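In what follows, chains carry the letters A, B, and so on, assigned in the order in which the sequence lines appear, proteins first and then strands, with residues in each chain numbered from 1. All of these numbers come straight from a predicted model, not from anything done at the bench.
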Amino acid sequence: MTAECTWRRTHTCGELRAEHVGQVVTLNGWVSARRDHGGIYFVDLRDRYGLTQIVLTTSVAEGIKLSPEDCLSVRGAVVSRDAANVNTDRPTGEIEIAVSSVETLSSAKLPPFEIIDDLDTAVETRLQYRFLDLRRPTMQAKLMHRSRFIGAMRKAWLARDFCEIETPVLTKATPEGARDYLVPSRVHAGKFYALPQSPQIFKQILMVSGMDRYFQVARCFRDEDLRADRQPEFTQLDMEMSFVEEDDVFAVWEGVMVDTFRDAMGVEVEAPFPRMPWAEAMARFGSDKPDIRFGMELIDVAAWAKECEFKVFSGAIEAGGRVMGLVIEGGAEMTRKEINALEEVAKTYGAKGLAWWKSAEGGGAGPLARFCADDAAPRLMEILGAKEGDLCLFAAGNQSLVWRILGELRVHLGKKLDLVGEGQDWRFLWVTRFPMFERDAESGSWTSLHHPFTAPQDWDLAGDVGTLESRAYDLVLNGWELGSGSIRIHRQDVQSRIFEILGISPEDQRNKFGFLLDALAYGAPPHGGFAMGLDRIVALTLGLDSIRDVVAFPKTASAADAMCDAPSAVEAFQLAEIHVASTAPAPAAAAQDDA
RNA sequence: GGGGAUGUAGCUCAAUUGGUUAGAGUGCCGGCCUGUCACGCCGGAGGUUGCGGGUUCAAGUCCCGUCAUCCUCGCCA
């Protein structure tokens with residue numbers, strides 16, 4: 001624009017105060033609420049910074065039609081309000097703008113929903129009109145919190161001499177782990193890139209290169225089904241450092257989290273964070289991401305169960321399985337209906353049923369009561385640490401199933417019974433010493449629990465493969481897994497041996513990971529790192545259960561973008577260029593749906 | 001891939017056992033109003049009950065299929 005600009009703002013809609021009274025200002029913003037009193041007309045003008053009331057008298061308003069969400073430029077004097085008219089709920093409530101001229105920069109169609117905070121609109125509609133959804137002050141506040149949080153973190157890493165380095169988004173497909181998003185190559189007919197599930201190998205190679213301390217705010221892609229806390233593309237704070245062991249990684253992260261919480265939120269986080277071996281986490285909480293804000297730990301009742309007359313329990317012990325329980329203090333007041341609901345929860349996670357007992361010296365009540373005659377009841381109560389009036393829940397079966405059932409029940413009960421006490425906002429926990437390998441349920445072969453580059457506790461890999469412990473660790477916050485990391489393998493011979501255990505042939509090792517093995521052969525430093533899911537921690541610090549509100553343009557549960565309608569069909573010539581032919585059936589006309 | 005929930009006016013919801021012209025709040029439009037800030041008062045418009053089929057004298061309601069959204073199990077090294 002070469003002519004003098006008539007509409008550019010002098011202030012935002014959130015900054016004018018009593019001290020500005022008398023100034024003539026120009027504001028730009030959107031029409032939020034309108035209150036027409038005939039001879040005088042009030043409009044709340046909104047932008048990212050706040051709301052300012054503008055006042056139009058009849059002569060100014062003449063011929064001007066303001067609709068909700070019109071984008072305006074208004075010019076006028078800042079005037080103070082009479083004491084009776086001050087709006088104490090708004091930072092700008094002491095003043096208003098006596099408008100002398102209005103310019104409509106862009107008029108708005110009637111929005112499908114009102115742009116206000118406390119409006120419970122269907123997610124479907126919100127996502128389709130995300131540009132309007134993101135105009136709501138709460139949504140803008142969430143995005144601004146995300147920006148502040150990540151900004152504080154970046155500053156904390158840079159202050160610790162970490163170097164921010166970008167790694168490729170077009171990279172190499174690997175069959176291990178999650179399903180890859182694939183990108184066909186035009187230049188190399190029949191070949192494909194993959195979008196990274198994480199920058200794992202690149203960051204290790206940066207360590208071999210001697211970059212020593214790396215971090216990145218990295219977008220990662222996994223073509224798996226969604227959840228409230230999982231999107232197919234998500235953001236990690238990825239880092240790696242050289243010449244370190246576990247304690248070094250923990251210490252630097254603890255410092256970064258303390259700084260970040262302080263800078264972004266004004267919250268003092270307690271550090272160092274407690275550490276707990278995986279085996280202890282499973283035994284005590286039945287979970288590798290325990291919420292340590294409340295107790296109700298799992299109790300092994302094998303000593304009682306093996307001798308009891310309840311065949312399900314004694315049989316489980318004989319078969320090499322476990323019988324464990326939970327005690328809900330005062331839970332005997334629960335109704336049969338509530339207990340049945342708990343059983344349904346247990347069944348979701350593979351339980352055949354849920355044995356329960358309202359504990360009492362005299363034998364108690366519930367399905368287990370008839371096995372609690374004479375001294376059986378007091379003995380069971382002693383093992384459980386239960387009192388009269390408590391409700392005890394039991395699971396029997398193989399170890400992993402029992403852990404899972406009771407671990408999930410514990411989390412469920414923690415929410416249902418509101419067991420998290422006051423002042424327990426941020427309870428971080430490092431979970432360490434994960435198992436190195438687990439059996440694949442289908443093929444029976446070994447797979448890495450973390451990833452194949454994780455160092456073992458014992459470089460010699462001596463002993464039974466199934467009992468080997470790794471140097472992997474997770475950071476857990478209030479029962480959410482925030483991220484994982486490990487000390488890596490920096491020795492080529494050990495890396496090859498791990499691939500061998502995983503059943504990857506020497507030939508496949510060369511094809512898939514040859515560049516890493518090569519790198520490890522050129523003086524790789526001991527190194528380790530960690531990656532934190534930023535969507536999750538940003539959601540968690542806002543008290544949200546879903547990460548959808550902290551992602552500007554999230555996908556729906558079917559991995560679609562409701563606003564731009566991705567994914568979508570492409571032109572035949574585009575497929576031809578990349579040497580791709582679709583095997584998808586043509587969409588049937590009858591299946592078309594205009595919803 | 002499996003299970004559950006939901007789908008009615010622009011939005012949020014209601015509609016008895018299958019029964020008259022599918023209602024309310026809100027928003028929107030028009031009128032009135034000079035101190036509102038969830039303004040108020042009066043009036044008005046607004047519906048393919050997601051889509052397709054079936055049962056029935058009669059379907060928002062029952063049945064089958066399908067689509068979409070949310071939650072969830074599997075899956076997510």
- Query: R35(A) side chain N/O closer than 4.0 Å to the phosphate oxygens (OP1, OP2) of C39(B)?
  - Reply: yes
- Query: So which nucleotide from G35(B), C70(B), C29(B) ends up closest to the side chain of I40(A)?
  - Reply: G35(B)
- Message: Could you check whether atom OH of Y181(A) has more than 12 heavy atoms from other residues, nucleotides or ligands sitting under 6.0 Å from it?
- Response: yes
Could I get a table of every N or O pair under 3.5 Å where one atom is in the protein and the other is in nucleotides 71-75 of chain B?
from	atom 1	to	atom 2	distance (Å)
C71(B)	OP1	R548(A)	NH2	3.4
C71(B)	OP2	R548(A)	NH2	3.3
U72(B)	OP2	A228(A)	N	3.4
C73(B)	OP1	Y349(A)	OH	3.4
C73(B)	OP2	R227(A)	NE	3.1
C73(B)	O3'	R404(A)	NH2	3.1
G74(B)	OP1	R404(A)	NH2	2.4
G74(B)	N7	R227(A)	NH2	2.9
G74(B)	O6	R227(A)	NH1	3.1
G74(B)	O6	R227(A)	NH2	3.4
G74(B)	N1	D225(A)	OD2	2.8
G74(B)	N2	D225(A)	OD2	3.4
C75(B)	O2'	E224(A)	OE1	2.6
C75(B)	O2	R230(A)	NH2	3.2
C75(B)	N3	R230(A)	NH1	3.3
C75(B)	N3	R230(A)	NH2	2.8
C75(B)	N4	R227(A)	NH2	3.4
C75(B)	N4	R230(A)	NH1	3.4

- Is there ring stacking between F42(A) and U36(B), where the centres must be under 5.5 angstrom apart and the planes under 30 degrees? yes
- Separation between the P atoms of G10(B) and G47(B), rounded to whole Å: 7 Å
- Nucleotide by nucleotide, nucleotides 40-45 of chain B touches protein heavy atoms under 4.0 Å in the pattern (B base, S sugar-phosphate only, - none) ------
- How about F192(A): does its CZ atom have over 12 heavy atoms from other parts shown lying under 6.0 Å from it? yes
- Message: Would you call the rings of F513(A) and F499(A) parallel, tilted or perpendicular, taking 30° and 60° as the class edges?
- Response: parallel
- Task: Scan residues 82-90 of chain A against RNA chain B and write down, sorted by residue number, each residue with any heavy atom closer than 4.0 Å; if none is found, say none.
- Result: N85(A), N87(A), R90(A)
- Item | Shortest side-chain distance from L119(A), nucleotide among C76(B), U36(B), C11(B) | C11(B)
- Message: Tell me whether E94(A) at atom CD has more than 12 heavy atoms from other residues, nucleotides or ligands lying less than 6.0 Å away.
- Response: no
- Message: C28(B), OP1 or OP2 - any side-chain N/O from R34(A) closer than 4.0 Å?
- Response: yes
Please tabulate the protein-to-nucleotide N/O contacts below 3.5 Å involving nucleotides 23-26 of chain B, giving atom names and distances.
from	atom 1	to	atom 2	distance (Å)
U26(B)	O2'	E114(A)	OE2	3.3

- Message: Any side-chain N or O of K109(A) below 4.0 angstrom from OP1/OP2 of C28(B)?
- Response: no
- Task: Mind checking side chain to side chain donor-acceptor pair (under 3.5 Å) for D288(A) and listing every partner two or more places apart, or none if nothing turns up?
- Result: none
- Within residues 47-56 of chain A, find the residues that approach RNA chain B with a heavy atom at under 4.0 Å, and present them sorted by residue number. Q53(A)
